[in-house]
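What follows is a short report on a single structure.
Each chain gets a letter, A, B and so on, in the order the sequences are listed, and its residues count up from 1.
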Amino acid sequence: MKMSQLLLPTEREAPADAQALSHVLGVRAGLIRQLGAGLWTWLPAGWRVHSKVSAVIREEMNAIGGQELLMPLIQPRDLWQRTGRDQIDELFSLSDRKSAELVLAMTHEEAVTFHVSQFVRSYRDLPLILYQLQLKGRDEPRPRAGVLRTREFIMKDSYSFDCDEAGLDVSYAKHVEAYDRIFDRCGLEWYRVESDVGVMGGSGAHEYMAPCPAGENEVALAPGYAANVEVASADPTAAKTEPRLDAPLEVETPSAKTINEVSGQLEVDPSALLKAFPVVTDAGETVLAVVRGDHRVNEFKLRAVLGDLFRPATDDEIEAQIGPPGFIGPVGCGLRVLLDKAVAEQQGGWIVGANRTDLHLRGVEPGRDFDFEAADIRSVEEGDLVNGNPIRLETAIEVGNIFKLGTRYSEPLGAKFLDQDGLEQSIVMGSYGIGPARIVAAAIEQNADEMGIVWPKALAPWSIELVALGKPDSPERSAAANLYEELRELGVEVLFDDRDAGPGEKFTDAELLGCPLRVTLGKRSLESGELELQARRESTELETIALDASSAPALVEILSELT
RNA sequence: CGGGGCGUGGCGCAGCCUGGUAGCGCACCUGCUUUGGGAGCAGGGGGUCGGAGGUUCGAAUCCUCUCGCCCCGACCA
């Protein structure tokens with residue numbers, strides 16, 4: 001590609017509203033441009049990168065027997081009513097001129113299951129893996145960070161169809177294989193972590209996380225362990241509890257409504273306190289969740305334990321059912337008490353709210369002073385132990401997920417088959433997503449320096465940026481043009497900077513765009529008979545090779561050695 | 001949905017408080033010079049100041065409404 005003809009609007013300054021590095025560099029390097037909130041155009045260079053990701057995904061999906069198809073983005077709403085997913089707030093809704101109700105698909109379970117239910121009759125038709133690279137629409141409450149969270153984006157979504165759980169396990173394992181290879185090939189640092197299965201249930205789920213500062217997720221990591229903090233479990237550090245007492249002792253804590261205020265007044269460590277978190281389930285039950293004062297309730301884990309959605313109780317509800325907000329506790333509260341394991345498994349006297357204004361209780365012991373169910377309902381923290389190793393927390397971008405759906409969609413949509421015994425069974429499904437745009441963003445976040453992007457070789461829009469110096473029509477320019485043609489004939493993807501611009505501008509743009517290898521040809525090259533090479537990843541190292549008929553093949557060789 | 005911020009030429013911004021000819025840098029066009037790290041000189045083009053209404057002799061500036069965008073939080077099947 002000749003740069004003089006390429007639409008590559010590079011910017012010297014960052015867009016004023018950009019925060020995330022991938023957003024800043026994506027715009028500055030001329031890869032993406034915004035059309036509206038959460039609506040982004042992929043410009044030619046950016047689309048090349050996106051396409052590279054898609055190509056890697058296709059190869060690996062095909063390698064596990066996936067078959068590519070394409071389903072509509074716009075879908076009839078009634079299909080979504082059949083699975084109940086029409087109730088999702090994020091579902092983009094619209095209607096046509098006849099007032100027919102339509103939605104923009106946020107994923108394609110309904111559509112693919114609808115079709116499969118028509119085609120699959122027998123266990124002989126299974127298993128099946130179908131996938132597509134197609135737009136998804138989401139009415140996001142808050143799009144953000146450039147291409148990281150948008151209202152419309154391309155997703156690789158695949159769906160597996162099996163006779164039974166054992167078959168699903170095989171399809172799931174195939175996806176693990178394919179995904180591991182995809183993220184490796186894209187040059188990402190990534191973790192496969194245990195993840196929340198959500199309210200819809202499902203028997204297992206993992207997410208692929210690419211660590212970087214712009215991420216929206218947090219992962220807990222220890223040797224041999226990786227989990228989304230939403231579901232992570234770990235052994236707590238010990239609480240600094242007070243000595244045991246024969247019976248709870250009332251203690252005055254005027255106006256102390258927070259853990260910090262109470263621990264300050266009583267001069268004890270926050271971990272010696274218990275924090276009471278009253279919630280009301282969808283079913284209408286008020287439950288008191290209790291964790292250590294220095295811990296936080298994990299709402300995902302609590303939801304899993306409750307088996308129901310819930311919301312925090314309002315101050316009025318707390319006042320009416322338990323006691324004065326700020327002074328509530330499990331002793332004599334009359335509610336079902338879920339006590340976090342970290343508390344249940346440590347002996348000692350705890351400090352809790354007395355359910356009376358300005359009073360707390362000291363020396364409280366679970367079991368003796370209140371009934372409880374023990375459950376793991378707290379969020380893990382940096383320093384907690386897994387198999388004796390301390391965990392660390394990292395922010396990360398979710399770049400992919402794999403999910404065992406079971407019969408969540410096949411049942412409502414009637415996707416059944418006859419098994420070997422002639423019995424009708426529901427198809428057992430899995431669904432698997434990858435966001436190519438997020439891979440692009442993560443690759444930028446993980447591979448950039450103060451000058452710009454440093455593409456992993458597999459994602460670079462071009463392998464080589466050939467910078468021609470000197471005046472137009474000069475001998476060095478025509479030598480560069482010749483080299484450009486030779487490289488093209490060898491099938492090298494080369495971006496030829498043939499613009500009538502100064503060397504500084506060309507070098508700066510090359511560093512911004514971040515192609516793996518920069519080749520410079522100027523008057524100097526003609527005089528010395530040498531080309532200058534610079535690997536983007538080691539931007540200070542200059543190398544030279546002979547400028548002659550061997551140059552192009554030599555560059556191909558050098559490229560193959562780059563990462 | 002709660003809180004905060006911003007809309008002035010393609011990009012980044014000043015001007016607004018205190019109403020009076022719409023400005024700066026970069027980019028762009030023409031000519032000449034320049035060509036190994038964002039060049040110089042000269043000339044030039046481009047803006048419904050997000051939109052609507054109002055106050056006023058006069059509104060980018062003051063008032064009301066509205067649309068859009070960004071950030072924090074909530075949410076994220």
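Annotation: A/K416, atom NZ; neighbour count of heavy atoms from other residues, nucleotides and ligands within 6.0 Å is above 12.
As rounded to the nearest Å, B/G45 and B/U64 have P atoms that lie 40 Å from one another. B/C69 and B/G50 are spaced 10 Å apart, taking the C1' atom of each and rounding to whole Å. A gap of 7 Å separates the C1' atoms of B/G51 and B/C67, to the nearest Å. For the C1' atoms, the distance linking B/U56 with B/C62 amounts to 10 Å, nearest Å. Separating the P atom of B/G54 from that of B/U18 is a span of 24 Å, rounded to the nearest Å. To the nearest whole angstrom, the two C1' atoms, one in B/G53 and one in B/A42, are 47 Å apart. B/A22 and B/U48 have their P atoms separated by 13 Å, with the value rounded to a whole Å. Between B/U66 and B/G44, the distance separating the two P atoms is 46 Å to the nearest Å.
Between the OH atom of A/Y409 and the C1' atom of B/A77 there is a distance of 6 Å, rounded to whole Å. Between the CD atom of A/E109 and the C1' atom of B/A77 there is a distance of 9 Å, given to the nearest Å. Put simply, CD on A/E13 is 13 Å from P on B/G25, counting in whole angstrom units. The interatomic distance linking A/D157 (CG) with B/A77 (P) rounds to 16 Å, in whole Å. Taking atom CD on A/E465 and atom C1' on B/G37, their separation rounds to 14 Å, with Å as the unit. Taking atom OH on A/Y159 and atom C1' on B/A77, their separation rounds to 13 Å, with Å as the unit. One interatomic measurement links the two molecules: CG of A/D139 to C1' of B/C75, which rounds to 12 Å at whole-angstrom precision. When the P atom of B/C11 is taken as reference, atom CG of A/L512 falls 17 Å away, rounded to whole Å.
Across the strands present, B/C49 finds no partner; the criterion is a Watson-Crick or G-U wobble pair with both atom distances under 3.5 angstrom. Taking a pair to require two hydrogen-bonding distances under 3.5 Å in either a Watson-Crick or a G-U wobble arrangement, B/A74 remains unpaired. Nucleotide B/C24 has B/G12 as its partner under the Watson-Crick or G-U criteria, with both atom distances under 3.5 Å. Shown here, B/C69 forms a base pair with B/G5; the pair counts as Watson-Crick or G-U wobble because both key distances fall under 3.5 Å. B/A39: Watson-Crick or G-U partner is B/U33, with both key distances under 3.5 Å.
Considering only side-chain atoms of A/I88, the nucleotide from B/A77, B/G10, B/G38 that sits closest is B/A77. In the set B/G73, B/C11, B/G38, B/G73 carries the atom at the smallest distance from any side-chain atom of A/R142. Each of B/G12, B/C70, B/C75 was ranked by its minimum atom distance to the side chain of A/Q34; first place goes to B/C70. Of all nucleotides listed (B/G10, B/A77, B/G38), B/G10 comes nearest to the side chain of A/R33.
In this structure, A/R477 does not pair ionically with A/D498, as no charged nitrogen and carboxylate oxygen lie closer than 4.0 Å. Salt bridge status for A/E216 with A/R438: present, with a side-chain N to carboxylate O gap under 4.0 Å. Comment: A/E476 does not engage A/R524 in a salt bridge, judged by the lack of any side-chain N to carboxylate O separation of less than 4.0 angstrom.
Nearest-nucleotide assignment on RNA chain B puts the 5′-proximal partner with A/L39, out of A/L39 and A/E299. Between A/P15 and A/R151, the one whose closest nucleotide on RNA chain B sits nearer the 5' end is A/P15.
Contacts of A/W40 classified as ring pair (Phe, Tyr, Trp, His ring centres under 6.0 Å), with partners at least two apart in sequence or in another chain: A/H23.
Donor-acceptor pairing under 3.5 Å, judged by distance alone, is present between the side chain of A/E511 and the base of B/G37.
The distance from atom CG of A/N447 to atom SG of A/C212, rounded to the nearest 0.5 Å, is 10.5 Å.
Look at A/Q19 and you won't find any side-chain N or O under 4.0 angstrom from OP1 or OP2 of B/C72. Note on A/R144: every side-chain N or O is 4.0 Å or more away from OP1 and OP2 of B/C69.
Geometrically, A/K404 engages A/Y172 in a cation-pi contact, judged by NZ or CZ lying under 6.0 Å from the ring centre and within 45° of the ring axis.
Contact annotation for A/A145: backbone-only contact, meaning every heavy-atom pair under 4.0 Å involves sugar-phosphate atoms and none involves a base.
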Below 3.5 Å is the cut-off: list the nitrogen or oxygen pairs between protein and nucleotides 27-36 of chain B, distance only.
| from | atom 1 | to | atom 2 | distance (Å) |
| --- | --- | --- | --- | --- |
| B/G36 | O2' | A/R524 | NH2 | 2.8 |
| B/G36 | O6 | A/S525 | OG | 3.3 |
| B/G36 | N1 | A/E532 | OE1 | 3.1 |
| B/G36 | N1 | A/E532 | OE2 | 2.8 |
| B/G36 | N2 | A/R524 | NH1 | 3.3 |
| B/G36 | N2 | A/E532 | OE1 | 2.1 |
| B/G36 | N2 | A/E532 | OE2 | 3.0 |
| B/G36 | N3 | A/R524 | NH1 | 3.3 |

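Between A/D162 and A/I427 the shortest side-chain heavy-atom distance does not fall below 4.5 Å.
Contact detail for A/Y179 and A/S158: the closest heavy-atom pair is OH-OG, 4.4 Å. In this structure, A/I129 and A/S160 approach most closely via the heavy-atom pair CG1-CB, 4.2 Å.
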